[in-house]
2 protein chains.
Amino acid sequence: MQKQQTLSRNQKIIFDLIDKSQEPMKAYSILFNVQKKGIKAPLQVYRALDKLVEIGKIHKIESRNAFIACQNSSCQISKATAFSICESCENVSEISNTKLSKYLSNFAESSGMKYSKYNLEFFGLCKKCKSK
Amino acid sequence: MQKQQTLSRNQKIIFDLIDKSQEPMKAYSILFNVQKKGIKAPLQVYRALDKLVEIGKIHKIESRNAFIACQNSSCQISKATAFSICESCENVSEISNTKLSKYLSNFAESSGMKYSKYNLEFFGLCKKCKSK
DNA sequence: TAACACTATGTAATAATATAACATTTACAT
DNA sequence: ATGTAAATGTTATATTATTACATAGTGTTA
């Protein structure tokens, strides 16, 4: 376990918004939603997002340019992220599977590079959408 | 093996440029490089890129918004892509490892979703950079 | 060959995503 | 109280990507 981070004002406002959201949020949608709380500029949002990603409270879904709260309570720093993404409803869920992450970090360790992290995105239809 | 695609004029110009490049290329850098060949607008580039990705001739490196030619001659449609990315020199190399792709597609198949593809990006220091 | 569908192209405008540069303030350890 | 690192505020701008609309090429098949 890492030590608990204290979030700054802006970081907390933005984390709370993302954490409450049922779906990944985009930066400018976040901006729109926090303007009433005094966060007026894109850069304020991006700075908080960068920090929140760095400390593992949120993850960026690279293929969507969107952010979700970490679903895995024990993950304070994200060195190993995996998601499944529905191409129909755009639902994203975080995968937390010890075997998978062991397999992938072992793979990376044995590849010749000095491995620091990975990101994996699966695409397809989620349970709901595939039965439609 | 899939059937061989014939590339259109713009697709061929853009594929050749990416294929010759030693590093991933960004869309506007591609645009700059093909203007002398009559491709003047971003959309012309993005349309060709979309098609080339679709038929598996190139891949998009999502974390970098950049494109590289497929290194794997037998891969005509990219349902399973993996890369290692150097955080220092930004070198990107495609990983083509049958065991890895089997492991990941099996994982996806057993996850409950109707799996169609994945993308995996490893980050760290490449061989050259780690010894500096 | 004419009619059709499909794919690709050309062009202008604009939307969406992200960062640079600079000034100021806050948190907090010494 | 002082130094330092982190965070904030603000303006402007860079970068990445799409919408909308008009036109042209390619290949089938009637």
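Chain letters run A, B, ... following the sequence lines, proteins first, then strands; residues in each count from 1. Keep in mind the model is a prediction, meaning the values are calculated, not measured.
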note: Glu62(A), atom CD; dA18(C), atom C1'; distance rounded to Å ~ 13 Å
Minimum-distance nucleotide to Ala27(B) side chain [options: dA17(D), dT9(C), dG9(D)]: dA17(D)
Short side-chain N/O contact to dA6(D) OP1/OP2 from Lys51(A), under 4.0 Å: no
Counting only heavy atoms not in Lys127(B), do more than 12 sit closer than 6.0 Å to its NZ atom? no
Face-to-face contact Tyr28(A) to dT17(C) six-ring, under 5.5 Å, under 30°: yes
Between Tyr115(B) and Glu109(B) the two heavy atoms that sit nearest each other are CD2-OE2, 3.8 Å
Report yes if a side-chain nitrogen or oxygen of Lys12(B) is closer than 4.0 Å to either non-bridging phosphate oxygen (OP1 or OP2) of dA8(C); otherwise report no. no
Looking at the side chain of Lys40(B), which of dA7(D), dA8(C), dT11(C) is the nearest nucleotide? dT11(C)
Between Asp16(B) and Lys12(B), does any side-chain N to carboxylate O distance fall below 4.0 Å? yes
How close or far is atom C1' of dG25(D) from atom CZ of Arg9(B), stated in whole angstroms? 13 Å
Figure out the CD1/P separation between Ile61(A) and dT17(C), and round it to whole Å. 15 Å
Just by distance, do the side chain of Glu94(B) and the backbone of Gln71(B) share a donor-acceptor pair under 3.5 Å? yes
Should Lys60(A) be listed as having a side-chain N or O under 4.0 Å from OP1 or OP2 of dA18(C)? yes
Taking the six-membered ring for Trp and the full ring for Phe, Tyr or His, determine whether the centres of Tyr103(B) and Tyr103(A) are under 6.0 Å apart. yes
Value in whole Å for how far the C1' atom of dA7(D) lies from CG of Leu49(A): 15 Å
Please confirm whether the shortest side-chain N or O distance from Ser8(A) to OP1 or OP2 of dT8(D) is below 4.0 Å. yes
Would you say the side chains of Asn119(A) and Glu121(A) form a donor-acceptor pair under 3.5 Å? yes
Spell out protein contact along nucleotides 20-30 of chain C as letters: B when the base is contacted, S when just the sugar-phosphate is, - when no protein heavy atom is under 4.0 Å; keep the 5' to 3' order. BB---------
I'd like to know if Glu87(B) and Lys114(A) make a salt bridge, using a cut-off of under 4.0 Å between side-chain N and carboxylate O. no
To the nearest angstrom, how far is Tyr46(A) atom OH from dT8(D) atom P? 17 Å
Could you check how far CD1 of Ile30(A) sits from C1' of dA16(C), rounded to whole Å? 14 Å
In whole angstroms, the gap separating C1' of dA14(D) from CG of Asn65(B) amounts to 13 Å
If you check the Pro42(A) side chain, which of dT10(D), dT19(C), dT16(D) turns out closest? dT19(C)
Tell me: CD of Gln44(A) to P of dA18(C), nearest whole Å? 17 Å
